[in-house]
Amino acid sequence: MTTTTAPGTDSATTPAARAGWIATTAVAPMVWGTTYIVTTHLLPPGHPLFAALMRTLPAGLIALAIARQLPRGNWWWKSLVLGGLNMGAFFPLLFVTAQRLPGGVAATLGAVQPIVIAFLAVVILHEKLSGWRLLWGVGLVVLGPEAALDPLGVVAGLAGAVSMGTGVVLTKKWGRPVNVSAVGLAGWQLTAAGLILLLPALVIDGPPGIDASALAGYAWLGLVGALLTYTIWFAGIRHLPVTPTALLGLLSPLTAAALGALIAGEALTAIQLVGFATALIALASGQLPPPNRRKDNA
């Protein structure tokens, strides 16, 4: 039987430590935000399953080689579940969203994830529902961009938010086995996701033509956008509360929208700019305790 760290046992206990972990963890969603521009500019179109496979399996095998640790006991099925939710389902849905919607529109759909996590944290982790943080998430959905929405892209974006949101909460609940590194945990999940995707990617999508641009895109998404970022993300989840950590995920669609405007020439409306400002305020405010708790600690 494998011993697992209890959720919160390694939580940052000082303001300086917490701020350090917030800044470090924020790197992951910012890098994930490059997925949209990389997908539309470097990868062959119409192969979301194959793109997800290339992002998971090679990176997972590299992580296993680095960590030199395999799951034990119930971590075999836990890795399969987490890998399926965090990557195996999320990545194909993300690529579908990236190919069918502008990066700015994804900001609205990405705002759903903190709301999902806030409610799941109540059910699974028995945390109190924070109306303070929930308000920011709802506000971002209301202030989303006005655009002609592709229905499949919208469904994929919402389903991806639910999939990864569930994975984040379960990652916090199950913690990490003692003496297993963050890169080891990332490797288990990436490899599991890759194995889940292997047959569907080859049978349904099939290997597309891969040129130098596609190879560079797959390398970026796999080595930096998966191996490095999920190692950082899982370490951050271990040290930070799950709901405010989820709000850091808003950096991903914000980065995507910014890159879409700068590189792809996607226009940002006044409503979207208001949404941008609201998201940044939400990111900062979500890292603070709710007002009533701050008053109690005064």
Side-chain angles (χ1 to χ4, degrees), residues 2-33 63 66-67 69 75 78 82 86 110 113-114 116-118 120-122 124-137 164-165 167-190 224-252 254-255 279-298:
T2 305
T3 304
T4 303
T5 57
T9 53
D10 288 339
S11 297
T13 55
T14 67
R18 181 185 173 92
W21 275 109
I22 290 172
T24 300
T25 307
V27 172
M30 291 179 68
V31 173
W32 293 338
I66 294 173
Q69 295 171 309
W75 271 98
K78 286 182 178 180
L82 294 177
N86 285 322
Q113 186 171 303
V116 172
I117 290 176
L120 288 176
V122 175
I124 298 176
L125 301 179
H126 308 295
E127 292 185 359
K128 292 183 178 180
L129 182 63
S130 173
W132 168 256
R133 290 165 179 151
L134 183 61
L135 176 62
W136 286 115
M164 188 173 179
V168 166
V169 175
L170 289 177
T171 299
K172 182 68 174 180
K173 176 179 176 62
W174 290 338
R176 194 168 79 211
V178 174
N179 298 325
V180 172
S181 63
V183 69
L185 183 63
W188 295 355
Q189 295 188 40
L190 286 166
V224 180
L227 177 57
L228 176 62
T229 55
Y230 274 98
T231 299
I232 293 172
W233 184 249
F234 292 144
I237 289 176
R238 185 177 183 178
H239 289 83
L240 297 171
V242 66
T243 303
T245 303
L247 282 171
L248 294 177
L250 295 175
L251 287 169
S252 178
L254 289 179
T255 302
L280 293 175
I281 295 172
L283 286 171
S285 301
Q287 307 312 310
L288 300 173
N292 58 341
R293 189 179 304 174
R294 293 202 299 268
K295 182 177 179 180
D296 293 339
N297 292 336

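What you see is a predicted model, and the numbers here were worked out from it, not measured in a lab. Computation of the quantities below employed the complete heavy-atom set of this structure, encompassing side-chain atoms and omitting hydrogens, waters and symmetry-equivalent molecules.
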[X] versus [Y], closest heavy-atom pair with distance:
{"X": "Thr231", "Y": "Ala186", "result": "OG1-CB, 3.9 Å"}
{"X": "Gly236", "Y": "Thr25", "result": "CA-OG1, 3.2 Å"}
{"X": "Leu228", "Y": "Val224", "result": "CB-O, 3.6 Å"}
{"X": "Leu82", "Y": "Gly167", "result": "CD2-O, 3.8 Å"}
{"X": "Ser181", "Y": "Gln69", "result": "N-OE1, 3.6 Å"}
{"X": "Ala235", "Y": "Ala182", "result": "CB-CB, 4.1 Å"}

**Message:** Among Trp174, Tyr230, Phe234, exactly one meets side-chain contact (heavy atoms from CB on, under 4.5 Å) together with Leu185. Which residue is that?
**Reply:**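 Looking at Trp174, Tyr230, Phe234, the match for Leu185 under the side-chain contact (heavy atoms from CB on, under 4.5 Å) is Phe234.
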What's the spacing between [X] [atom1] and [Y] [atom2] if we round to 0.5 Å?
{"X": "Arg238", "Y": "Lys172", "atom1": "CZ", "atom2": "NZ", "value": "9.5 Å"}
{"X": "Gln189", "Y": "Asn86", "atom1": "CD", "atom2": "CG", "value": "5.0 Å"}
{"X": "Leu248", "Y": "Ile22", "atom1": "CG", "atom2": "CD1", "value": "6.5 Å"}

**Request:** Test Thr171 against Trp233 for side-chain contact (heavy atoms from CB on, under 4.5 Å), laying out the working first.
**Result:** CA-CA 10 Å; Thr171 299; Trp233 184 249; over 6 Å; no
**Request:** Flag the pair Val31 / Ile232 as yes when at least one side-chain heavy-atom distance between them is below 4.5 Å, and no otherwise.
**Result:**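 Not in contact.
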**Message:** With a 4.5 Å cut-off on side-chain heavy atoms, are Arg18 and Pro241 touching?
**Reply:**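 Counting from C-beta outward, Pro241 and Arg18 do come under 4.5 Å.
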**Request:** Using the test side chain to side chain donor-acceptor pair (under 3.5 Å), find all partners of Thr229 that sit at least two apart in sequence or belong to another chain.
**Result:**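 In terms of side chain to side chain donor-acceptor pair (under 3.5 Å), with neighbours along the sequence ignored, Thr229 is linked to Trp32.
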